[in-house]
Structures are given as C-alpha cells and as structure tokens.
Amino acid sequence: MQLTGAQVLLKCLEKEAVKTVFGFPGGAVIDIYDELPNFSIEHILVRHEQGAIHAADGYARATGEVGVCLVTSGPGATNAVTGIATAYMDSIPVVIFTGQVPTPLIGNDAFQEVDIVGITRPCTKHNYLVKDVRDLARVVKQAFYLARSGRPGPVLVDLPKDVLQATCTFEYPRNVRMRSYNPNMRPHAGQTRKVARLLQEAERPLIYSGGGVLSARAHRELTWLARRLSIPVTSTLMGLGAFPGDDELWLGMLGMHGTYAANMAVNNCDLLLAIGARFDDRVTGKVNTFAPKATIVHVDIDPTSIQKNVAVHVPLVADCKSALSALKEELEPGLDVPAWQEKHETWVKQVRSWAEEHPLTYAPSENGRIKPQFVVEKIYEITKGEAIIATEVGQNQMWAAQFYRFRTPNSFLSSGGLGTMGYGFPAAMGAQKAFPEKLVINIAGDGSIQMCIQEMATVVCNNLPVKIVILNNGYLGMVRQWQELFYKKNYCQTCMDAQPDFVRLAEAYGAEGYRITETKDVEPVLREAFASDKPAIVDVRVEKEENVYPMVPAGASLTEMLLV
Amino acid sequence: MKHTLSVTVENEPGVLSRVAGLFSGRGFNIESLNVGPTLEPGVSRMTITTEGDEQIIEQIVKQLRKLVTVIKVRDLTELKAVSREMVLVKVNAEEGKRAEILRITDIFRCKVVDVSLDEMTIECTGDAGKLEAIIDLLTRFGIKELARTGATALKRAKQ
C-alpha cells in the first residue's frame, strides 16, 4: 500500500512507541497535522515552539525515553533552536521534526524558509534533510537510534512539504546499520582492572558523578560502589538524584556553588573517580589547581570528554552502567565491606567534619523577609523529596540544587550546560505529561518565569497541574549577585520590579494564584497549592538581595570559597 | 606541530560543512583541506593539514570521529606516509627570462602548462618543502597568480 510521507512519519512514530508529541502547526507541516487524528499519538499544542522543545526535553529527562517535538519551517524551527542547544549541552535524547519548504523552492528564500539543518549543525548530535520520501523511514529510525544511543543528544529531521505529500510503500527497518557510528559501550578489561586496583590502593577516594550516570541508568551501580566500598560521593548539577541526597556518604554538589565539604574533598582526595561528568569550568574552577593530590580516573562514553579540560591519568571509555558493572564484577568476589569501611574511616570522618563545619546554610532573616532557601527546604519537607523538580536558571536553580535533597534519578530537570532561562516551566509541563499522577514543581525566579510564561495556557487546557513556585526578589538575582560581588554593586539592568501581578496572571489563564509574603505562611500555602489538582503559580516574595553561597569566583580555585 | 589527517567520510550533502564547522566552532585551525572520491562508492577522503599541540590534535581527531558521517580518521604524521601537493604558478616570463625559468622548471621536474608572450604557467607537484622552494625561486621573476591544492596523502605500504 502506498502511504504519503506524512503517514509514513506518523507510522514510524508509532513503531518507536512515541506516545506524546509536543508541537505547533504551520504551513509546511499541515500534511502531518492532517493525518494526526488517524494515529494513536497524542499531540500537546504549545503556545511557542520553545515551549515544545523544552517540554520534549523535560519529558525525556523525566522518563529516560526519547522526547519528540514537531514544528513548522522558518520561525517555527528557529524558535526551537535554544531548546535544541539546551538538550545538546545536557546530552538529552530528543528528536525534532521541522517542516521545510518544498524541495524545488529550497534555496530560493521562499516564504518561511530557513536552512535549519545548517543552523543546528553545531547544536545537534546529527541532523537530516529528507529529500526523498523513500528515505524517510530509514532516517526516522536512525534519528531515534542516534538520539538514544551512545552519548544521547538531540537529532533533527527536516521535512520538505513535497516529501510529506509524496507517496511510497512503507517498511520500517528492523535494524540500524551505520558504518560510521559505533559507540563504544563496553569498558576495556585492562583499564577496568587498573581502576579496581587504584580503588584498592587509595586511602582518600572520592566519586564525582555526573549526568552520564543518569543517562546510562547506572544509579544503582553507583550507589552499590559508594556504599560497599565506603566512598564519599559528590556530583555535578546534572548528576543530582543518581545518589541519594540523604545518604551519609553524600557531600552535595561540587564546584562554583558546591558545598564546602565537596570542594574540600576534591582538593584533598588521592583518587578522584569521575563518572559520566565532563569537568565543566563551573565544576573545576581554576583547572590547574583542581584535585591537585589525586590520581584522576575518568569514565565517560564520549572519548572527546576525556583529556578535554583536565589531564586524566586513567581514562575508561564506556557507558557508565557497563563500566560500573565491570568494576563491580572485578571487586565483588570476596568483598570485605567492614575492611573497606575501616580503610576509609579516617577519610570519611574528615569529610563529615568538613560538612559539619560548614554545612549548607543561610543567615536567618533580619527584616522578617522570607529566605528563598527556606522556601526550598519547605518544598523538600512537604514533598518528602518525592516530587519532580524543574528549575529555571540562576539563583533559583542553585538553591533548588542545594536545598532539595534529590533521592531518585530523573527527578531534577534543569538546564545545566546551556543555562537556559525559561527552560523550567515547559520542562515541568513535559514531565507532568509523562507522569500525570506525580507532583511536578518548577522552582522559578521572577525573571526566568517570564521567558516562557505563555505555556500557562497549555498546562491549563491540558490539565497538567504543574506548580510554579516563584522565588520573587524583583531582580535577575544571579547577575545582581555578580554585580554586587565583582562589579561594585552596579546593578545595571538587573532590577526587574516592574512585573505582572503573578496571582492575577495565573487566574487570567484559568490557573490558581497564591502569594506568600510572610515566613509563617510559606508552609500552609505551599501545602494548599500542592494539594490542588490545578496548575498554580505561587508568588513568594523573598529577600531581595540574598546571595547563593558558598561561591567560588569564576576562575578561582575550589578552595577559595566565599562562605555565608 | 603540523599534522596531516586523513579522514574518510560518507559522501553526502553537508559533510564538508560539518567538518569545516567543527574546526571553526571549536577554534581549531585548518591550514589546508582537500576532498575527493575514493575507490569505494559513496566514500570520500578528506586530507586536512592542521596545527596544534598534542592535546589539541587529540581533541581534533576525537571530535572528527564523533561526527556521525565520519567513517575513519587517521593521523598520518606519526605514520610513514606520502604527502603531495600541487601548485600552479603564473609567472612573468618576458623575452630573456624564459630560458632561466625553463631551467628551474626542469630542475624541479615541473611542467609548463600554459604559455603566452609574457607569461608562463607552471605546474609543480611535490611535498610542501619542494613547492616552497620553487615558489621562492620564481618570486624574483614576479609571480602574477598562484593556486595550491593543499596536501593530499596516503599511508605508505608496509615493508
């Protein structure tokens, strides 16, 4: 039977078990929308394409599955670019379908034409322009395979309108064969033994885990290794949730806004086991003083991550799950847990004492204003650490990372690499779509939330009861903090106190609005908002000039922390 | 240090732009780059000469391998390889200068591929050093135009 390109595409999505597509129609993709009602795929109509791509990304992070986004040509496609770059920087599996002008018009500056394949080349794992309908099924199969395998990432497929209208017979390929793409999943046996030996020899080992552990679903293996061998764990922003945040061995995040204990541990460990992390500048601070006493082992699926920023002694190229399983196999026979505990006792005590000396904390309020950190602590208490938390970018993100103790994987959705303001709310929307029964909270700032606020309409009409908690300080807080600390308090263009009435805004969209101005109201009002089955904005008026501490100034060594 | 990379790629639209974009986007240098088909249908070979310290070259090689359309990357610098480049030089050749130009051409085993009353175009093939040498010698006659292909290279056979 002959199918049109649009039908082929939707068939492929069914074959890939795609349940939800986040999208926005337009001239170049009408053919797909025309067929959509005939297929089992649910479409969430967003209000801006950036919302669609972030939602697909949030869906992917929360489920571990590939998120799917569908937009039209030209502005539809360019509006998605920020979200594509966001997913790329954080290695999130997303497939983006963009409409394109008919092939005979490509290159003619046609209406709503843009070279989206050219534009997204540096911010996708790979991308395709489909010129022949007979290639479509193979390309879609490859796109999903590429997005989820190896180091995951976004893959874009550009679909000219005439290709969507042309017909061919449909056959979905069973396998993908690409001679030029063979990610190395299994760790080298010799290197694995070497790492096991280093672990046995080390006196002060430290695990530094990252987002790679989550994308490989290796949290159990990580926890096994840390607990059985009694090794303290710190992680990057992207790695939060892979190791339980209430464990004795957990040190909190490291780096610029990392804990005192984590940064001191990095500085004093004799073995640093980096797993699925990439030594980002926000983590390392000054590179040549990073982990100065340590032998560094780096487990990563992407060879380009190794030796990119920091010279490592033992690289282990593999998927984190395979690598950690191989290490387990190497270490498990005859494993003497008490002996390991004893071996690391002094070190673990030392690390704990750092944590006690300078725990994550904040000065109590002097003027009765609500402390933003307190709000996050309350959110943690109320939800018992079981909510899915999305964040925007800036102070709200750091406080969420510091004061919400993530216990389960895929429960923290945040734009780490690109730092995209406006990410959190649509990402929360995507996660809520995947888990209608779960409590999904976006911890936001008053600046960030306004970047994708239009999706309020989407959550209301799709019954996605996302809760937005705005830590409202009337500033672009993180930039203001830098201005305060490093630019002589020249608060140029960071005061944003001209803002909408968020409560009435929520109500105008048909959601619930709450405002909290006093500390005593924080808990009861949050409880009320979280208990409701409607989407809600909770506008919390917090201390205006609160800073995120600890802080390592950009380019300084990790030990040069500014503390509370 | 200068490195010569031999890169086989899927011959499909955009592949050159992916490679060139990788270099520009990550701040690597391309000294020369040339592309041509190989014996295998659908596969092209790019020969890229680039410069950088060991760590940068390692990154370049790995980043190239990471591109989905790149099949194989080989750094020929460390291996025994033959590398050749061609140059076309259009040089002033008025009456009285031609004999000397022809002598140089002869010594370098070059070919005259075009001639007019006052110009000659010379084709020369060799490694970069040889080309530099002949360009140097011809400079004093006045070079009007020059076109170089950039190096292309193959690993030597095992002996």
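Reminder, nothing fancy here: chain letters follow the sequence lines and each chain counts from 1.
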Legend entry - Region of Leu146(A) in contact with chain B, defined by heavy-atom distances below 4.5 Å: side chain
Legend entry - Geometric class of the Tyr208(A)/Phe279(A) ring pair [parallel <30°, tilted 30-60°, perpendicular >60°]: perpendicular
Inset, instruction - Verify the distance criterion only: is there a donor paired with an acceptor across the side chains of Asn29(B) and Thr50(B) at less than 3.5 Å? - result: no
Legend entry - Partner of Arg148(B) by salt bridge (Lys or Arg N to Asp or Glu O under 4.0 Å), out of Glu85(B), Glu123(B), Glu31(B): Glu85(B)
Legend entry - Under 4.5 Å from any heavy atom of chain B - which part of Asn127(A): both
Legend entry - Atom group of Gln63(B) that falls short of 4.5 Å from chain A, counting heavy atoms: both
Inset, instruction - Could you tell me the separation between the OG1 atom of Thr98(A) and the CG atom of Leu156(A), rounded to the nearest 0.5 Å? - result: 4.0 Å
Legend entry - Interchain contact, Pro122(A) with chain B, by part (heavy-atom threshold 4.5 Å): neither
Inset, instruction - Name the region of Val68(B), side chain, backbone, both or neither, that has any atom closer than 4.5 Å to a heavy atom of chain A. - result: both
Inset, instruction - Please determine if Lys131(A) and Glu12(B) form a salt bridge, counting it only when a charged side-chain N lies under 4.0 Å from a carboxylate O. - result: no
